[in-house]
Each structure stands twice: as C-alpha cells, then as structure tokens.
Amino acid sequence: MTSGSIGSRTASTASDAPAKPMSSSERLDAIDVLRGLALFGVLAMNIVTIFRVSFFAPVLLNAEPGWPLDRAVAAVLTVAVQSKALTLFSLLFGVGLAIQFERLAGNARRVILLVRRLVVLLAIGLVHLYLIWDGDILVHYALAGFVVLPFLRGARWLMVGAALLLLGLYVTMLLLPPIVPLPDAAEMAALAADATRAYGTGGFFDVLAFRIHEVTVIFPLQVMGLPPTVALFLVGAFTWRSGVLRRASTNRRLLFVVATFGILLGGALSLAVAGQELFDWPSLGSAHPMVEELGAVVLALGYAAAVIAAVNLSGGRRMLGWAAPLGRMAFTNYLAQSVICGWIFYGYGLGQFGRLGVAATLVIGIFVYGAQVVFSAWWLRRYRFGPVEWLWRSCMYGTPQSMGATVKLAVTRATIAV
C-alpha cells in the first residue's frame with residue numbers, strides 16, 4: 001500500500017513554516033475519501049493474491065480459480081481493480097509530496113524534513129517487508145520519493161516530461177529481455193509449492209526464513225516497477241500544482257469529463273488486456289504491456305475524478321463521507337491489514353494459506369475493511385492522528401506531536417497526504 005498514499009490531517013507546528021490556507025475543506029475531504037476507497041482496492045487485490053496464495057501462483061496455469069463464482073470475481077477484480085487501486089495510491093502519494101513541499105515553503109529545513117519523512121517511511125517499510133509481509137509497498141514508495149523530491153522545485157512541464165519518459169522506459173523494459181533474469185515456469189512452480197508449505201503450516205520463524213528468501217527472488221520486479229511509480233508520483237504532483245484539486249468545486253465540469261472519459265476508455269483498455277487470459281480473446285501481441293499500463297493509469301484517473309467531483313456535491317459528500325476517516329488513517333490501516341491477513345493465512349495463525357477460493361477470500365477482506373471503517377471513525381473522534389501517522393509525523397519533526405482531538409488547529413484544517 002498509502003499506499004499506500006497514506007496521510008493524516010494536522011496543523012503547523014512551531015518547528016515548520018506556517019501552513020498555507022487551503023481553498024476548501026471539501027477538497028481535502030475528497031482526497032481523504034479517495035484514499036479510503038483506494039485502500040479497499042489494495043486490500044482486495046492483496047488478500048486474494050499474495051496473502052491467499054504464493055506471489056507466483058497467479059501466473060501458473062494450474063493456479064487459476066476453478067469454481068465459476070471464483071472465476072467471475074477474479075475477472076471483475078482483474079478488470080476493475082488490479083493495478084488501478086495501487087495507481088491511485090501512487091498518484092495520491094505524489095499529491096501529498098507536492099502539498100508537503102508547498103506547505104513548508106519558506107522553511108530553511110524543508111528539504112531536511114522531507115528527506116527525514118521518507119527515511120522514516122523507508123525504515124517502517126523495511127520492518128514491514130521482512131517481519132510482516134513481503135508484498136510491502138512502503139520501501140518502494142520511499143525510494144521513489146527520493147527520486148521525485150528534486151523535481152518538486154522544477155516547472156510543471158518538467159514533471160510531465162519526466163513522467164512520460166519514465167513510462168516509456170518502463171514499457172521498453174517490459175518488451176526487452178529482463179536485465180536481471182526472472183524465475184522460469186518450473187522455478188515459479190517450485191517457489192509456489194515451497195510457499196504453501198512455509199506460509200500454510202510453518203511457525204513464525206519458518207515464515208520469516210522463507211520470506212527473506214522470497215524477497216530476494218522478487219527484488220527484480222521491484223526494480224522494474226520503480227520507473228512507473230516515480231512517473232505516477234510526478235503526475236500526482238503535477239495535478240496538485242495545476243490547481244485543479246485546489247478549485248475542485250469550480251472545476252466540477254472538467255472532473256466529470258475526465259471521469260467519463262477515463263472510466264470508459266480505461267475500462268475498455270483494461271478489458272482488452274484481461275480478455276486474453278479471462279475470455280481467450282485475440283492476443284494484443286507486443287502492444288500488451290503498453291495497453292495494460294495505459295489502461296490502469298487512465299481508469300485510475302477516471303476513478304479519482306469521479307470521486308472528487310462526487311464529494312464536492314452535497315449528496316456525494318454524505319454518501320461517501322464514511323471513507324474519509326479510513327483515508328486519514330491509511331498508513332495505520334495498511335499495516336493493520338498486513339498483520340490481520342498474516343494471522344488469517346499463515347501457519348502461526350489460522351493457516352488458511354492456499355485453502356480458500358477467490359470469492360471466500362474477498363468476503364473476508366470486506367469484513368476486515370468494514371471493521372477498519374468503524375475503528376477509524378471511532379479513533380479519530382478521540383485522537384488527531386492514527387497511531388502510525390502520529391509516529392511518522394513525530395519522527396519527521398523530531399518531537400512528539402499532540403494527539404488530543406480537542407486541540408485547535410493553528411491555521412486551518414489541512415491534509416498532509418502521502
């Protein structure tokens with residue numbers, strides 16, 4: 001996961017420059033809502049793939065879901081959710097970096113604070129990666145964030161140009177032989193079998209040992225995924241700098257156009273790519289990677305525009321407002337999902353790894369998500385930040401932050417989004 005894009009609502013402190021007033025609280029609510037909704041997509045894909053079965057199982061023919069309901073659920077997730085939720089988080093992370101950079105303008109320690117923020121994210125991510133779950137995205141985001149920081153000083157055209165260049169590099173990498181050899185089908189099958197034994201029946205230290213081994217195997221995929229992640233961060237930062245999100249209410253018509261175009265075109269491209277595996281449609285040949293990446297980005301942008309436009313309508317705000325607390329605590333919720341899912345699927349818990357179908361696993365994910373919605377609302381009625389958000393911010397500024405929910409904000413409500 002924020003994921004993660006991950007964030008919390010907070011105020012300026014004496015240690016940084018005064019926060020700039022936001023144009024409207026509705027726009028901030030929309031970002032929180034969008035992050036909260038994207039968190040469900042991330043959980044849905046994580047729980048039905050990497051938690052339920054081996055990381056490599058989805059690419060093996062004998063790992064395809066057999067029951068009709070499982071096939072139907074897998075098809076919907078593949079077309080509508082896979083890659084799109086994580087793309088949304090990446091875009092929101094870029095938005096958050098731009099907001100942080102802007103709010104710290106005039107502060108001589110701006111770069112130091114932002115670097116420290118990413119270092120803390122990297123440290124938490126490494127703990128998560130090795131001790132909890134090797135599907136971690138936080139390490140990836142922290143490293144990509146370091147690459148993006150220098151671009152935040154540049155012009156908007158530079159952000160767009162760099163993003164396009166990196167996306168082109170990623171597509172080229174997919175079309176060419178991998179720089180670091182990936183496991184072949186036989187090796188993947190062996191890894192999947194080993195994962196079923198280690199994760200499904202092993203104790204904590206058995207799981208830990210296999211996870212450390214698996215991290216080295218999937219590392220090349222993490223390297224290949226870095227260019228598009230940086231590109232999405234840049235697109236998110238550009239979107240914030242463009243002012244569209246600042247004036248969401250006045251840009252409602254534009255948002256609806258982007259939402260309609262993005263959902264229709266992105267959905268069609270995603271369906272065309274998934275049709276090869278799900279419906280045995282004609283192959284797209286060498287254009288497959290480009291179409292897949294484009295479909296994910298366009299559909300994610302369509303989702304984002306639709307949610308932001310809806311939240312800026314009174315009816316939409318009432319309908320979707322429940323997701324805002326979840327989004328404000330996305331960092332905490334993302335890590336909690338890993339702990340909960342690890343207990344459900346691994347041998348040191350209920351040991352359900354490799355035993356459940358896609359549909360049954362998704363139902364479990366829905367219950368976990370629902371519980372987090374309730375918990376997040378309860379927690380934020382009492383405290384200003386989620387627990388991990390508090391730790392992250394306190395480490396960034398080098399001083400414990402106030403957690404009291406009744407503390408008045410110094411300037412205005414603001415979201416520090418990641």
Side-chain angles (χ1 to χ4, degrees), residues 1-7 22-42 44 79-99 156 159-160 163-164 167 228-229 231-271 291-324 326-328 330 415 417-418:
M1 303 243 14
T2 23
S3 314
S5 258
I6 305 158
M22 299 296 173
S23 59
S24 68
S25 60
E26 289 79 8
R27 183 267 306 163
L28 297 174
D29 290 339
I31 294 176
D32 287 333
V33 168
L34 182 58
R35 188 182 301 109
L37 294 174
L39 189 64
F40 172 74
V42 170
V79 174
V81 181
Q82 182 175 321
S83 301
K84 290 76 179 179
L86 198 57
T87 296
L88 274 177
F89 262 115
S90 299
L91 292 169
L92 288 169
F93 198 107
V95 170
L97 283 175
I99 291 175
R156 287 182 290 179
M159 293 182 180
V160 174
L164 293 174
L167 286 175
T229 300
L232 291 171
F233 285 7
L234 290 170
V235 172
F238 167 81
T239 302
W240 175 256
R241 291 270 299 274
S242 70
V244 173
L245 297 180
R246 305 171 196 265
R247 300 180 296 272
S249 297
T250 58
N251 287 297
R252 194 177 301 157
R253 179 175 298 180
L254 172 63
L255 290 170
F256 278 120
V257 171
V258 173
T260 302
F261 177 80
I263 291 174
L264 291 178
L265 177 59
L269 293 174
S270 298
L271 188 62
V291 174
E292 183 176 18
E293 186 67 24
L294 180 62
V297 173
V298 172
L299 186 53
L301 288 172
Y303 287 159
V307 170
I308 293 171
V311 175
N312 278 274
L313 299 173
S314 58
R317 192 179 308 123
R318 288 193 300 269
M319 183 181 301
L320 299 175
W322 56 267
L326 192 74
R328 289 173 57 189
T415 295
V418 175

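Please read these numbers as outputs of a predicted model, since none were measured by experiment.
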field: L255 side chain near V244 side chain, heavy-atom distance below 4.5 Å
entry: yes

field: Side chain to side chain, L92 and L34, heavy atoms closer than 4.5 Å
entry: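 Yes. Closest side-chain heavy atoms under 4.5 Å.
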
task: Spell out, as yes or no, whether a donor-acceptor pair under 3.5 Å connects the side chain of R252 to the backbone of N312.
output: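 Yes, because the side chain of R252 sits within donor-acceptor range (under 3.5 Å) of the backbone of N312.
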
message: Could you check whether any side-chain N or O of K84 sits under 3.5 Å from a backbone N or O of V298, counting only pairs where one atom can act as donor and the other as acceptor?
response: no

Grab the two heavy atoms, one from [X] and one from [Y], that are nearest each other, plus how far apart they are.
X: A259; Y: A305; result: N-CB, 3.7 Å
X: G236; Y: V95; result: O-CG2, 3.3 Å
X: L234; Y: A163; result: CD1-N, 3.9 Å
X: A80; Y: Y303; result: O-OH, 2.8 Å
X: I263; Y: A306; result: CD1-CB, 4.3 Å
X: A98; Y: W240; result: CB-CD1, 3.7 Å

Roughly how far apart are [X] [atom1] and [Y] [atom2], rounded to 0.5 Å?
X: L326; Y: F40; atom1: CG; atom2: CZ; result: 11.0 Å
X: R35; Y: L88; atom1: CZ; atom2: CG; result: 11.0 Å
X: L320; Y: D32; atom1: CG; atom2: CG; result: 12.5 Å
X: L232; Y: E293; atom1: CG; atom2: CD; result: 6.5 Å
X: I308; Y: D29; atom1: CD1; atom2: CG; result: 12.0 Å

message: Using side chain to side chain contact (heavy atoms under 4.5 Å, CB included), reason through T239 and L91 one step at a time and then give a plain yes or no.
response: CA-CA 9 Å; T239 302; L91 292 169; 5.8 Å; no

query: L299 and L269: side chain to side chain contact (heavy atoms under 4.5 Å, CB included), yes or no, with the steps?
result: CA-CA 9 Å; L299 186 53; L269 293 174; over 6 Å; no

